[in-house]
Engineer: 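This is the structure, below, for whatever I ask next.
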Amino acid sequence: MRLRHAHAWKLTPAEARAVQARLAPLVVREDRLGPLKRVAGVDVGFEDSGQITRAVVSVLSWPDLVPVEDAVARRPTSFPYVPGLLSFRELPAVLEALERLSALPDLLLCDGQGIAHPRRLGIAAHLGVLTDLPAIGVGKTRLIGAHDEVPSARGAWSALRDGDEVIGAVLRTRAGVKPVYVSIGHRVSLETTVELVLQAAPRYRLPEPIRRADQLASRRKAFAAETQGRRKNIGQDLQD
DNA sequence: GCGACAG
DNA sequence: ATCTTGTCGC
């Protein structure tokens, strides 16, 4: 498949913020999803002291969450980490990985914020707009926004607010475990976002697609079992 | 001017 | 994000 985009983004932080201001209005905050069959987790890791960006997209079937395809892409890191500008550092590699899939997924679950961002264009929203695929942001920590304490039961959540606007939800995917920060990425309402994240994370804190992408993006060890409760095998490395 | 600050 | 195994606790 083709995602016609030049992946060479040589921008200054000021220019990057201008791009965000231009794209933020294009985010669709309502449900515009088709049938879900393939859901992808997106994550990025770094090698060589951060000089190489490694993006992974793991596609799982829905709703059974069985791994069906993975794609990896490595690129020289071309943008520093600047809070609020994460997508300019990670998306070039992510787009390259997406293009390597045999088919695009029906939904993207991204490690990072959606519209819970200063200019409402976190990495999940940015990726959603560029690909026009439904997308959801799942952050492990907060970028912006305030919220009440979240009840400890799985499924409980509190609105994440920036002033008067609700920009996301702080959701408990596991009882008694630190909640995750979820927000609209593109073409998915906040209500649906909460439902889908809960369905995608039936057992662990993070959604299965993101967990798998995490594995492939950081560790380089084999991860044969664990997904379906099988035996553990140490030893076999697997490259890409 | 002083903090806060996704990954 | 990354440097890194085993270990303490529910």
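Just so it is clear: chains get the letters A, B, ... in the order the sequence lines come, proteins before strands, and each one is counted from 1.
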Engineer: So do the side chains of A:T53 and A:T77 get within less than 4.5 Å of each other, counting heavy atoms only?
Structural biologist: yes
Engineer: Which nucleotide of DNA chain C is the first, and which the last, in the 5' to 3' direction, to come under 4.0 Å of a heavy atom belonging to chain A?
Structural biologist: C:dA1 to C:dT2
Engineer: In the structure I gave you, are the side-chain heavy atoms of A:L143 and A:L86 within less than 4.5 Å of one another anywhere?
Structural biologist: no
Engineer: Between A:E208 and A:R212, does any side-chain N to carboxylate O distance fall below 4.0 Å?
Structural biologist: no
Engineer: Do the non-hydrogen side-chain atoms of A:V57 and A:E69 ever get within less than 4.5 Å of each other?
Structural biologist: no
Engineer: Indicate yes or no: at least one non-hydrogen side-chain atom of A:T173 is less than 4.5 angstrom from one of A:L206.
Structural biologist: no
Engineer: Taking atom CZ as the centre, does A:R154 end up with more than 12 heavy-atom neighbours from other residues, nucleotides or ligands that are less than 6.0 angstrom away?
Structural biologist: yes
Engineer: Given A:I210, which of A:L60, A:V42, A:V138 fulfils the side-chain contact (heavy atoms from CB on, under 4.5 Å) condition?
Structural biologist: A:V138
Engineer: Any side-chain heavy atom of A:D106 within less than 4.5 Å of one from A:W62?
Structural biologist: no
Engineer: Under 4.5 Å between any side-chain heavy atoms of A:S87 and A:L121, yes or no?
Structural biologist: no
Engineer: Using a 4.0 Å heavy-atom cut-off, write out nucleotides 2-7 of chain B from 5' to 3' as B (base contacted by protein), S (sugar-phosphate only) or - (no contact).
Structural biologist: --SBBB
Engineer: Where does DNA chain C pair, written as one dot-bracket string 5' to 3', with Watson-Crick or G-U pairs under 3.5 Å, ( ) inside the strand, [ ] for crossing pairs and | for another strand?
Structural biologist: ..........
Engineer: Could you tell me whether the side chain of A:R17 reaches within less than 4.5 Å of the side chain of A:F88, counting heavy atoms only?
Structural biologist: no
